[in-house]
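In each ligand, atom 1 is the first atom listed, and ligand 1 is the first ligand listed. Here, residue 1 is the first one in the sequence, and each next residue gets the next number.
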Amino acid sequence: MNPFSTLGIRHDIVNAITELGFENPTPIQEQAIPVLLSGSNDFVGLAQTGTGKTAAFGLPLLELLDFEENYPQALILCPTRELCLQITSDINKYSKSMKNVNVVAVYGGANISDQLRQIKRGVQIVVATPGRMLDIINRKAIDFSQVGYVVLDEADEMLNMGFQEDIDIILSTTPEDKKTWLFSATMPTEVRRIAKKYMTDPFELTMGTKNTGNVNIEHEYYVVRARDKYAAFKRIVDFNPEIFGIVFCRTKIETQEIAESLVKDGYNADALHGDLSQQQRDKVMKRYRDRSLQLLIATDVAARGIDVNDVTHVINYSLPDEIENYTHRSGRTGRAGKTGISIAIINSKEQGKIRQIERVIGKQFTKAEIPNGFDVCEKQLFALIHKVHQVEVNEEQIEQYIPRIMDEFKDLDKEQIIKRFASLEFNSFLKYYQNAPDLNAPAHEDRAGDRGDRSFKSSTSAGFTRLFMNLGSVDDFTRGDMLGFICNNTKISGKSIGKIDLKGVFTFFEVENAFVDQVQQGFKSVDYQGRPVRIELAGEREGGERERGGERSGGRERSGGYGGGGGYKGRSGGNREGGSREGGGGFRDFSGKRREDRVGGNSGSGAGRREGGSGERRRRN
Ligand code: AMP
């Protein structure tokens with residue numbers, strides 16, 4: 001008998017999930033499904049993303065609801081649009097062969113009329129992000145009076161994003177006697193509190209230790225000097241030619257800059273952060289899912305709900321402000337039973353934070369050494385050899401050239417040919433890595449001598465104030481356009497505007513001190529292509545351009561963070577490490593071209609990406 005049938009799942013659903021490749025239940029499914037199928041318990045499941053929790057609650061819902069009736073019977077609340085769409089799509093797949101199952105995805109940033117129309121037509125399962133759900137409730141467009149089940153998925157994330165109040169209001173429209181099922185990757189006191197508030201005597205299931213990271217994930221850290229961080233990061237990537245990774249930064253600025261620098265250095269990377277429009281984000285995510293992108297550089301908020309299997313590495317380019325975010329970050333790898341590596345690149349002063357994370361996740365990090373140039377060359381060489389083995393030969397097309405190729409090679413024996421093919425790649429790596437410095441921070445490093453995160457504030461001209469605007473070159477602005485845009489909206493003469501520092505998704509510009517208020521007033525309710533224009537004093541942004549909120553701006557920041565007096569959290573500094581020794585030049589100004597145009601297609605692996613020596617490395621293909 002199929003193990004899912006043994007758990008109580010009926011045949012047509014079992015067939016559908018078998019087609020999805022679900023042969024055996026994951027541990028959480030095995031333990032949660034029988035409990036939830038009884039329909040008589042509140043439930044708290046402590047489980048990471050990627051453990052199969054969508055099916056753990058989705059399959060029981062399909063068994064428990066009455067699909068002859070067409071009114072909302074189950075409400076699933078989750079933190080992000082991506083997760084909302086994922087859950088909706090998963091439930092639709094599980095119920096492929098069932099009749100009259102209507103699931104609606106309700107999330108912000110999309111046309112509300114379509115969602116209202118679907119609700120009006122009749123649905124049994126509503127999957128929603130809290131902001132948009134509340135909007136629809138306020139329009140009196142949905143009746144939750146007969147909801148029997150509420151699922152709070154990634155409850156810790158929803159609280160993180162400041163949705164507590166919205167959830168309270170939404171749940172107040174559902175019946176008292178409904179069952180509530182809460183899933184969370186971590187169990188901070190806030191989640192404990194809502195579990196208490198919304199549930200009576202819940203059945204509790206903990207997969208692994210509380211707040212523990214996935215057992216399939218190995219944790220490593222590298223200690224480097226702050227100024228070598230970018231070079232060390234690239235070397236780690238080069239040492240892992242098959243990497244398919246997510247790289248976490250703390251700020252939108254850092255995210256954008258790292259992505260831009262990587263692209264310039266010939267890597268297949270792009271950024272995902274909250275200053276991109278939804279359309280831009282969807283595009284980046286599609287490329288990543290399709291594996292046309294090898295490295296996704298993301299902020300914590302933007303990466304929430306990302307459900308991509310087979311992520312090989314999570315790289316903490318900067319450690320998160322809050323320890324729990326480390327669990328969320330690393331949980332993007334090691335999904336669905338696969339193994340994964342979570343890497344932190346730190347400076348010597350941050351080793352204490354690693355110890356704190358270890359305590360929270362209940363797992364030890366391994367201290368790893370940044371590989372030397374020779375190790376990287378060797379790794380790349382064998383990755384190439386591996387690729388030669390794996391390559392699909394188009395017999396039909398290549399056949400016609402074989403006689404000529406053989407003729408060209410007739411003066412070389414097999415060994416010489418192999419040497420030459422291998423050298424095509426190997427030479428450029430050897431050249432690039434010759435004299436490559438040791439990037440590991442010396443153990444005896446004077447800690448005070450390592451300046452750590454350096455601020456990247458530029459000096460502001462006397463009499464001027466530097467302001468931040470959330471539009472930049474990706475919005476098709478040139479410096480001239482930007483000057484015009486500022487002057488038109490604020491009615492300030494161009495003479496009173498100083499330096500304009502146009503970046504990818506934002507701009508810093510100077511304005512005479514006397515006109516700061518006028519600029520802020522001028523842009524107060526200005527939209528640009530549907531996005532509100534934000535102006536802030538640059539000092540605030542450069543001091544740690546944190547990203548907040550998800551669906552809506554200004555989500556509350558969580559208290560907490562690393563223990564030990566908050567020195568870390570409150571620290572200023574946008575964390576821009578200086579230029580790299582390798583790759584020539586490190587960070588650069590962004591050009592006016594749209595990012596999408598600059599990033600090439602699938603480079604597949606690290607091999608074949610770069611030419612040239614110590615200078616710039618260019619994509620060859
Ligand atoms: P989730 O934690 O629900 O996001 O699931 C993570 C991934 O595991 C998804 O890609 C699911 O399709 C997959 N998955 C869930 N349950 C199983 C199962 N029993 N067998 C194989 N894959 C699964």
Side-chain angles (χ1 to χ4, degrees), residues 1-11 13-34 36-37 43-63 74 76-96 103 105 125 127 129 151-158 181-186 205-208 212-217 244 246 285-286 288-291 303-312 314 327-340:
M1 193 158 159
N2 182 294
F4 280 99
S5 307
T6 320
L7 290 180
I9 303 295
R10 60 187 211 229
H11 273 309
I13 300 180
V14 169
N15 288 343
I17 59 176
T18 306
E19 272 180 39
L20 297 176
F22 296 14
E23 285 170 12
N24 289 299
T26 64
I28 188 155
Q29 290 163 2
E30 196 161 31
Q31 296 188 53
I33 288 174
L36 298 182
L37 268 182
F43 176 91
V44 175
L46 198 57
Q48 304 292 309
T49 55
T51 50
K53 62 186 165 57
T54 314
F57 64 75
L59 301 180
L61 283 182
L62 290 175
E63 296 288 341
I76 301 166
L77 288 176
C78 61
T80 63
R81 162 198 156 104
E82 283 74 21
L83 190 57
C84 175
L85 288 168
Q86 187 66 45
I87 295 171
T88 308
S89 142
D90 286 353
I91 295 179
N92 279 326
K93 284 180 195 156
Y94 310 151
S95 61
K96 202 177 87 179
V103 190
I125 304 178
V127 188
T129 54
V151 180
L152 302 174
D153 194 18
E154 302 208 351
D156 49 351
E157 285 292 352
M158 286 198 282
W181 304 345
L182 179 149
F183 290 83
S184 191
T186 57
L205 195 59
T206 302
M207 309 309 298
T212 299
N214 182 327
V215 289
N216 294 330
I217 304 168
F244 178 55
I246 303 182
M285 272 318 295
K286 180 170 187 323
Y288 189 61
R289 269 183 223 290
D290 293 349
R291 290 179 160 257
R304 275 179 188 146
I306 288 183
D307 167 34
V308 177
N309 287 341
D310 303 326
V311 170
T312 60
V314 162
T327 311
H328 290 295
R329 288 178 173 193
S330 56
R332 302 293 154 210
T333 183
R335 295 170 62 82
K338 306 266 169 53
T339 54

Polar-atom distance check: Phe22 versus ligand 1, any N or O pair below 3.5 Å? no

Between Asn309, Thr18, Thr26, Asp153, which one has a non-hydrogen atom sitting closest to atom 10 (O) of ligand 1? Asn309

Per-atom contacts, ligand 1 versus Asn24 - under 4.0 Å to a heavy atom: 18 (C), 19 (N), 20 (N)

Could you tell me the separation between the CG atom of Asn15 and the CD1 atom of Ile9, rounded to the nearest 0.5 Å? 12.5 Å

Phe183 ring center within less than 6.0 Å of Phe43 ring center: yes

Between Glu19 and Lys93, does at least one N-O distance fall below 4.0 Å, as a salt bridge requires? no

Any N or O on Glu23 sitting closer than 3.5 Å to an N or O of ligand 1? no

Quick one: does ligand 1 sit under 4.0 Å from the side chain of Gln29, the backbone, both or neither, non-hydrogen atoms only? side chain

Quick one: CZ on Phe22 to CG on Leu59, what's the gap to the nearest 0.5 Å? 7.5 Å

Check ligand 1 against Thr54 and write out every atom of the ligand that is under 4.0 Å from a heavy-atom position of the residue. 1 (P), 3 (O), 4 (O)

To the nearest 0.5 Å, how far apart are CD1 in Ile76 and CD1 in Ile91? 3.5 Å

N-O pairing of Glu154 and Lys53 below 4.0 Å: yes

Number the atoms of ligand 1 from 1 as they appear, then name those within less than 4.0 Å of a heavy atom of Phe4, with their elements. 19 (N)

